[in-house]
There are 2 protein chains.
Amino acid sequence: MPLSPRSLQRNQSLQEQTYQALRTAILSGELTPGQRLVETHLAKKLQVSRTPIREALRQLQREELVVVEPNNILRVATISMSDAVQLYDCRLALEQLSVAEACENATEAQIQNLNMMVMQAEKLINSRPSQLTNFQLLDLDYRFHRLLAESSGNLWLRSLLDQVFDKMMLLRIHTIQNNRDVLEIRTEHRRIYEAVQARNSDAATQAIKAHLVASKERVVREMKNLQQTRGIVQEG
Amino acid sequence: MPLSPRSLQRNQSLQEQTYQALRTAILSGELTPGQRLVETHLAKKLQVSRTPIREALRQLQREELVVVEPNNILRVATISMSDAVQLYDCRLALEQLSVAEACENATEAQIQNLNMMVMQAEKLINSRPSQLTNFQLLDLDYRFHRLLAESSGNLWLRSLLDQVFDKMMLLRIHTIQNNRDVLEIRTEHRRIYEAVQARNSDAATQAIKAHLVASKERVVREMKNLQQTRGIVQEG
DNA sequence: TTACTGTACTCTGTATACAGTTGCCGAATC
DNA sequence: GATTCGGCAACTGTATACAGAGTACAGTAA
């Protein structure tokens, strides 16, 4: 849903709706990394006053989806190659814990949902590639990982991983545009799912580790490609 | 530094200063867990308008140092026993990565600083126990861990751990009041330091793991004690 | 042509006004 | 004495006004 006037309703606070709208716009790529954010413009676009905009921006700033320059200019955050590597390292640490605890604590309903996601992904991969299916795959990828985190039963782990996922999304929404191979999740997700379903903590840890290491490598390779062609993502 | 009118200066934005003041007040225990936060009162206390207060509160809310109730009442966050356990699990995952990367990337200056902190702690422990030295020890403990995270060179790891540390601080500022034994960091910190200094990644990982497992156990024990006597920390 | 300066414009930081909501208290009623 | 209703007080949500900082641009002088 594009950033548009009065797509907002009055049942929730405008501040919260503004926050969601901006976050979604950033994570969907509608607001591109590095783009300047001007309070007054956003206010006009969303048909609200600056107050809710400012509060939403402060939150995004605290999550580092928005960064502030020395002269108080706000921009959508940019993810560099080294950021990506470091984020993957954090994921590696956190998601091993995530699946290990999921093996212990996942409910049957959660396990069924995981299964459905794996099957959906397999179906999507067999369909004709297009930019739409690429986005759907990426979405499915992160829904799978978020559900794993949720299944761990550890709320703080979930909250930390959510932040990491948001930042990864910011990056990947731009890396997958052309190359669906960066989303080789077919066998990898299934292996993770099966280990969790069997409550086999060691296998699950191994599987997620292999998945993330492979994924990291694919993303880094794709970023190098992108850097050669266009200059969207800068080195940091 | 107590929350007082016009302790703020005009060189930084009031919003940022307000944020720092509130965060410090929460982490130092001046604002106690569960305490209600009223914008207008805080505004009067800090001698600023509601605008900077609101923006600061939104940030604290996003970091979950402040929680909002259904009727829009804001309160200082409360950490339950299960929160503490889950936070320790996250720390365990992240800090193992932290020291492993610190072994690779720490600068000589950082290693020297780590050493100084270890020695300072050893000196403090030998001094006469008091509430003041307890607070100093706790502060030193977290400064040590933060510096480890910084030495890893992984900015995202550092940012994630900072959040975890803040929440732990919120908890521990109340658990250590009487019992300094929860801060048995003498030998444990030294062992971590020596492993990092020797760039021995395996030893460092083992040492931090042992430290955190032991620390978790001590804190849980102390929380059980507290729960029996007074009701500050509620089960969640 | 270049460098400097004044000016107008844009944007942010902060304060404040106003409206809507929630919750409480007291009075009237059963 | 308990209960319910009206009204008041306390807060929050939102809009907006205003001031100050930064910036770009044009005009002028060397």
Side-chain angles (χ1 to χ4, degrees), chain A residues 3-23 25-26 31-77, chain B residues 3-23 25-26 31-77:
Chain A
L3 218 52
S4 65
R6 231 3 59 133
S7 53
L8 310 182
Q9 299 145 27
R10 292 274 166 183
N11 47 2
Q12 264 191 106
S13 80
L14 291 183
Q15 181 274 131
E16 179 62 20
Q17 292 177 68
T18 305
Y19 166 76
Q20 292 296 345
L22 291 177
R23 178 171 169 281
I26 291 174
L31 294 173
T32 59
Q35 180 171 345
R36 178 161 180 197
L37 299 171
V38 175
E39 293 173 4
T40 44
H41 299 178
L42 295 173
K44 189 180 281 182
K45 209 163 197 170
L46 292 172
Q47 299 278 24
V48 297
S49 78
R50 278 176 58 212
T51 309
I53 299 278
R54 287 177 66 83
E55 293 175 10
L57 287 174
R58 291 294 178 217
Q59 294 190 60
L60 293 165
Q61 201 178 318
R62 192 51 52 190
E63 298 174 64
E64 298 176 79
L65 286 178
V66 160
V67 293
V68 55
E69 293 182 358
N71 43 1
N72 285 334
I73 286 179
L74 293 177
R75 294 188 186 281
V76 178
Chain B
L3 218 51
S4 66
R6 245 340 78 127
S7 53
L8 309 182
Q9 299 145 27
R10 292 275 166 180
N11 46 3
Q12 264 192 107
S13 78
L14 290 182
Q15 181 275 129
E16 179 62 21
Q17 292 176 68
T18 304
Y19 167 77
Q20 293 296 345
L22 290 177
R23 178 172 170 280
I26 291 174
L31 294 171
T32 58
Q35 178 170 347
R36 178 161 180 197
L37 299 172
V38 175
E39 293 173 6
T40 44
H41 298 178
L42 294 173
K44 188 179 281 182
K45 208 163 197 169
L46 292 172
Q47 298 279 22
V48 298
S49 78
R50 278 176 58 212
T51 308
I53 300 279
R54 287 178 65 82
E55 293 175 9
L57 286 175
R58 293 292 177 220
Q59 295 191 58
L60 292 166
Q61 203 178 316
R62 191 54 50 189
E63 298 174 65
E64 299 176 79
L65 286 179
V66 161
V67 294
V68 55
E69 293 183 359
N71 44 1
N72 286 332
I73 286 180
L74 293 177
R75 294 189 186 280
V76 177

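Naming convention: chains lettered A, B, ... in sequence-line order (proteins, then strands); numbering from 1 in each chain. Hydrogens, waters and symmetry mates play no part in the numbers below; they use all other heavy atoms, side chains included.
Side-chain contact between B:Glu55 and B:Thr51 is present, with at least one heavy-atom pair separated by less than 4.5 Å. For the pair B:Ile26/B:Val66, a side-chain contact is recorded, criterion being any heavy-atom separation below 4.5 Å from C-beta on.
Between the CD atom of B:Glu16 and the C1' atom of C:dT12 there is a distance of 15 Å, given to the nearest Å. We find that CG of B:Leu37 is positioned 14 Å from C1' of D:dT12, with the value rounded to whole Å. The distance between atom CG of A:Leu46 and atom P of D:dA15, rounded to the nearest whole Å, is 11 Å. If you measure from atom CD1 of B:Ile53 to atom C1' of D:dG13, you get 16 Å, rounded to the nearest angstrom. What separates CZ of B:Arg75 from C1' of D:dC11 is a distance of 13 Å, to the nearest Å. Atom-to-atom, CD of A:Gln15 to C1' of D:dG13 comes out at 10 Å; the value is rounded to the nearest Å. Atom C1' of nucleotide C:dT12 and atom CD of A:Glu69 are separated by 14 Å, given to the nearest angstrom. One can place NZ of A:Lys44 at 15 Å from P of D:dA15, the figure rounded to the nearest angstrom.
B:Leu37 approaches B:Arg75 most closely through the heavy-atom pair CD1-C, 4.2 Å. Of all the heavy atoms in A:Thr18 and A:Ala56, the pair that sits closest is CG2-CB, 3.9 Å.
Nucleic acid contact for B:Leu74: none, since no nucleic acid atom lies under 4.0 Å from a heavy atom of the residue. When heavy atoms are screened at a 4.0 angstrom cut-off, B:Leu57 is found touching no nucleic acid atom at all.
Closest to the side chain of A:Arg36, out of C:dC11, D:dG13, C:dT14, is C:dC11. Residue A:Leu14 places its side chain closer to D:dA15 than to any other of D:dA15, C:dT16, C:dA15. You'll find that the side chain of A:Arg54 is closest to C:dT12, out of D:dG13, C:dT12, D:dC11. In this structure, of C:dT12, D:dG13, D:dA15, it is D:dG13 that holds the atom nearest to the side chain of B:Asn72. Closest approach to the A:Val38 side chain among C:dA15, D:dG13, C:dC11 is made by C:dC11 (side chain taken as heavy atoms from C-beta onward). Closest to the side chain of A:Glu55, from the set D:dT23, D:dT14, C:dT12, is D:dT14. Nearest to the side-chain atoms of B:Arg50 among the listed nucleotides D:dT16, C:dA15, C:dA17 stands C:dA17. The side chain of B:Asn71 lies closest to C:dG23, out of C:dG23, D:dT12, C:dC11.
For C:dA15, the OP1/OP2 oxygens have a side-chain nitrogen or oxygen of B:Ser49 closer than 4.0 Å. Contact check, A:His41 against C:dT10: no side-chain N or O comes under 4.0 Å of OP1 or OP2.
The backbone N or O of A:Thr32 lies less than 3.5 Å from a partner atom in the side chain of A:Gln35, making a donor-acceptor pair. A donor-acceptor pair under 3.5 Å links the side-chain atoms of B:Gln17 to the main chain of B:Gln12, judged by distance alone.
Counted by atom type alone, A:Gln59 and A:Glu63 present zero donor-acceptor pairs between their side chains at under 3.5 Å.
Each of A:Val76, A:Ile73, A:Leu74 was checked for a side chain to side chain contact (heavy atoms under 4.5 Å, CB included) with A:Arg36, and the lone residue meeting it is A:Ile73.
For the helix from C:dT1-D:dA30 to C:dC30-D:dG1, the end axes, each set by the C1' atoms of five terminal pairs, are bent relative to each other by 10° (nearest 10°).
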